[in-house]
**Student:** 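Here it is: the structure, laid out below.
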Amino acid sequence: MATSLNQKTYTISEFGTKMGLSAPTLRYYENEGLIKPQRHSNGHRYYTQDDVRWLKFLKHLKGTGMSISDLKQYISWREQGDCTIPQRLALLKSTKNNFLQQFADIQHHLQILNDKINWYEAKEAGLTSEKESFADYLHRLGHHE
DNA sequence: GTTCTCACA
DNA sequence: TGTGAGAA
């Protein structure tokens, strides 16, 4: 009975709005085998709560850098059963490592941006030597590039 | 992932 | 006239 309240379904446009994706993108994902919506007798697709959960999960994987083909590979292994868990684990760990590296790169970009802001503010306040370059400043802080 | 054309209500 | 499907 608790489930009867969660039987809401969505048209492709409703689902797209809810998930933050366009209808064409949802059709594209379906063609790639990422999602398998049901069909009404008139051929129109409809999406369920299960599709909401599944796509949310896929968006997380994609958000950490997995490509469409990576997702297809993951799904393929998933459909083959538990014997492919080692492969899935390897793919997820690889994805994680790549993401961690990108995350570190982005943090570094932010670090340099903040250093530059501080450098200008110190300069404006006359708290820094007129002769010290930004590069020297970074070196003094132990930051690089 | 996007754009375009066609069908249906 | 708006929504959705399928092809390019």
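Throughout, a chain's letter reflects where its sequence line sits, starting with A, and its residues are numbered from 1.
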**Student:** Of the nucleotides B/dT2, B/dG1, C/dG4, which has the atom closest to the A/Y29 side chain?
**Tutor:**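 The closest nucleotide is B/dG1.
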**Student:** Of all the nucleotides listed (C/dG4, B/dT3, C/dA5), which has the minimum atom distance to the side chain of A/R39?
**Tutor:**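 Closest of the options to the side chain of A/R39: C/dA5.
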**Student:** So does A/Y28 get a backbone contact from the side chain of A/N31, meaning a donor-acceptor N/O pair under 3.5 Å?
**Tutor:**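 Side chain of A/N31 to backbone of A/Y28: no pair is present.
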**Student:** To the nearest 0.5 Å, how far apart are CE in A/M19 and NZ in A/K56?
**Tutor:**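 It is 5.5 Å, given to the nearest 0.5 Å.
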**Student:** What is the distance from CD of A/E30 to C1' of C/dA5, rounded to the nearest Å?
**Tutor:**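 In whole Å, C/dA5 C1' and A/E30 CD are 10 Å from each other.
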**Student:** Across the strands shown, which category fits A/T25 at heavy-atom distances under 4.0 angstrom: base, sugar-phosphate, nothing?
**Tutor:**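 Base, at least one base heavy atom under 4.0 Å.
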**Student:** Quickly work out the A/Y47 OH to C/dG4 P distance and round it to whole Å.
**Tutor:**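 That distance rounds to 10 Å.
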**Student:** What integer distance in Å separates A/L21:CG from B/dG1:P?
**Tutor:**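 For the pair A/L21 CG and B/dG1 P, the rounded distance is 7 Å.
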**Student:** Taking atom P of B/dG1 as reference, at what distance in whole Å does atom CD of A/E32 sit?
**Tutor:**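 That distance rounds to 10 Å.
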**Student:** If I take atom CD1 in residue A/I12 and atom P in nucleotide C/dA5, what distance separates them, rounded to the nearest angstrom?
**Tutor:**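 Going from A/I12 (CD1) to C/dA5 (P), I get 5 Å.
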**Student:** Given C/dA5, B/dG1, B/dT2, which nucleotide is nearest the side-chain atoms of A/K62?
**Tutor:**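 Nearest to the side chain of A/K62 among the choices is B/dG1.
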**Student:** Between P on C/dG4 and CZ on A/R27, what's the gap in Å once rounded to a whole number?
**Tutor:**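 In whole Å, C/dG4 P and A/R27 CZ are 8 Å from each other.
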**Student:** Counting heavy atoms from C-beta on, name the nucleotide in C/dG6, B/dT2, C/dG4 closest to the side chain of A/T11.
**Tutor:**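 Per side-chain heavy atoms of A/T11, the pick is C/dG4.
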**Student:** Among C/dG4, B/dG1, B/dT2, which is the nearest nucleotide to the side chain of A/I68?
**Tutor:**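 Among the listed nucleotides, the one closest to the side chain of A/I68 is B/dG1.
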**Student:** Judged by atom type as modelled, is there a donor-acceptor pair below 3.5 Å linking the side chain of A/N114 to the main-chain atoms of A/Q111?
**Tutor:**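 Absent.
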**Student:** What nucleic acid atoms does A/R45 come within less than 4.0 Å of, heavy atoms only: base, sugar-phosphate, or nothing?
**Tutor:**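 The answer is sugar-phosphate, as A/R45 gets under 4.0 Å only of primed atoms, P, OP1 or OP2.
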**Student:** What's the CG-C1' distance between A/N31 and C/dG4, to the nearest Å?
**Tutor:**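 Interatomic distance, CG of A/N31 to C1' of C/dG4: 14 Å.
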**Student:** Are A/Y47 and A/Y10 an aromatic pair, judged by ring center distance below 6.0 Å?
**Tutor:**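 That pair fails the under 6.0 Å test.
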**Student:** In terms of relative ring orientation, are A/W119 and A/Y137 parallel, tilted or perpendicular, with 30° and 60° separating the classes?
**Tutor:**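 Rings of A/W119 and A/Y137: tilted, 30 to 60°.
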**Student:** What integer distance in Å separates A/L26:CG from B/dT2:C1'?
**Tutor:**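 A/L26 atom CG is separated from B/dT2 atom C1' by 13 Å.
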